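As the structure lists them, so they are numbered: ligands from 1, and atoms in each ligand from 1. Computed from a predicted model, the values in this text were never measured in an experiment. Side-chain atoms are counted along with the backbone in the values below, which use heavy atoms only and exclude waters and symmetry mates.
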Amino acid sequence: MSCTIVVGAQWGDEGKGKIIDILASDADIIVRYQGGNNAGHTVVIGDNEFILHLIPSGILHKGKTCIIGNGVVIDPDALLKEIEMLRKKGVKVDGNLLISEAAHVILPYHKVIDKRRGAEIGTTGRGIGPCYVDKMARCGIRMADLVNEDSLRRKLQANLQDSAEFDCEAIYKQYLEYGKKMKKYLANVPIVLSKAMAKKKRILFEGAQGTLLDVDHGTYPYVTSSNATAGGALTGTGVGPTAINKVIGVVKAYTTRVGEGPFPTQFKDELMEKIRSKGKEFGATTGRPRRCGWFDAIIVRHAVIVNGLSEIVVTKLDVLDETENIKVCTGYKYKGKTYKDFPADIDVLSGCEPVYEDHKGWMSDTTSVKKYKDLPKNAKAYLNRLSELLDVKIGMVSVGSKRRQAFKTK
Ligand code: IMP
């Protein structure tokens, strides 16, 4: 039995889509466990670029089963459009996609509330937070409700009884229609997974967003509303901790962040533009320019700890190919004190001065390197130092967006 969780170890957008796509070739089942269509996983196959928001990237491989777990919040309209987009590009979505009956549904009022209240956090405006609020407040609507007319009507009426803004009947009819279209995908996911594990199937759990956006372990309140960390893979699918063999963290060779919130190592100079354009650092979901900065070993070490990472994958190393002097943050200075561990107090992160160590760049093109040993000396020294600071091994390095531009370190 092999169950592997893949998580983002920074603020999301680490390149998980590509890594899941590579790892999916050795898996039988790929499961998304949290978040919703706030995520955007980009996978490049040949000349084709796919941006997936809800469906696991494994769908691009033939013969795999893809599952959306109960921890995911689903906008039916977005999901149906994504299925249609895949079909148009020749990807089969029939019998290979299962959706948890217990996953919560994003409704029109969630999106309106998110757009109204999410600006301070810089949310994606997709209704994610308000949908999770209803889940926790126990007034959410789940996928199973979309195929149960009485339950859907009762719950919508209860939620909208004081609202003059939303037409309850119209929403009821629209979501019942969605239910009809999605019924064939609905499944009892814990049962499906336990049977698969009994048959020794290989299962890959695909995290969305990243550790620093996790509602418990991230830069709260500037986070998303779900558990993007490894624990979310358990509650978000219905498997127990004893099933998990490996947890892989994906990190960029530098750092990016979209939306609001503290980012100690953010570039203050022309590097912002240079790295943003070389790394194509624009949100896959909203198109917003990402903020860019140096690698922050404090936040990634935090990710190693809270996820129990077995190894990390370093992506986008090539983006630093033309950077002469590279910095790595190894601590934060705040009010005369130096922090070596990730602080829960957001004021420390917002007001701190990063402590940096300097590294010599390699100033050569790594995009066609195929073996770890062939990387430039300074690039290897940089990676070795990251591994040392994080106290975790680097299992794979990625040097471009194509499938072939990645290699194992051993
Ligand atoms: P929400 O998830 O839309 O509620 O947004 C909350 C925060 O998470 C905002 O700062 C978003 O920019 C950020 N966020 C949500 N999804 C992603 C993602 O997939 N990548 C990077 N940031 C994200």
[X] heavy atom under 4.0 Å from ligand 1:
X      : result
Gly122 : yes
Arg126 : no
Arg288 : yes

Note the single closest protein heavy atom to [atom], along with its residue, its atom name and the distance in Å.
atom                    : result
atom 23 (C) of ligand 1 : Leu213 CD1, 3.5 Å
atom 17 (C) of ligand 1 : Gln209 CG, 3.5 Å
atom 2 (O) of ligand 1  : Thr224 OG1, 2.6 Å
atom 19 (O) of ligand 1 : Ala39 CA, 3.3 Å
atom 3 (O) of ligand 1  : Thr124 OG1, 2.6 Å

Q.
Would you say that Phe50 contacts Glu82 through its side chain, given a criterion of any heavy-atom pair below 4.5 Å between the two side chains?
A. no

Q. How about Ile68 and Val31: do any of their side-chain heavy atoms sit closer than 4.5 Å?
A. no

Here the atoms of ligand 1 under 4.0 Å from any heavy atom belonging to Trp11 are 21 (C), 22 (N)

One finds that the ligand 1 atoms under 4.0 Å from a non-hydrogen atom of Gly259 are 10 (O), 12 (O)

Aromatic ring pairing Trp362/Tyr382, orientation class (parallel under 30°, perpendicular over 60°, tilted between): tilted

| task | Could you say whether the N/O atoms of Thr123 and ligand 1 ever approach to under 3.5 Å? | result | no

| Does an N or O anywhere in Asp13 fall below 3.5 Å from an N or O of ligand 1? | yes

Min over Val258, Thr286, Val223 of heavy-atom distance to atom 10 (O) of ligand 1 lands on Val258

Atom [atom1] of residue position [X] - does it have more than 12 heavy atoms of other residues, nucleotides or ligands inside 6.0 Å?
X      : atom1 : answer
Asp347 : CG    : yes
Lys89  : NZ    : yes
Lys380 : NZ    : yes

In Asp341, Asp296, Thr338, the residue satisfying side-chain hydrogen bond (donor to acceptor under 3.5 Å, both in side chains) with Tyr332 is Asp296

From the list Arg403, Arg404, Lys64, salt bridge (Lys or Arg N to Asp or Glu O under 4.0 Å) with Asp21 holds only for Arg403

* Is the Trp294 to Tyr254 ring centre distance short of 6.0 Å? -> no

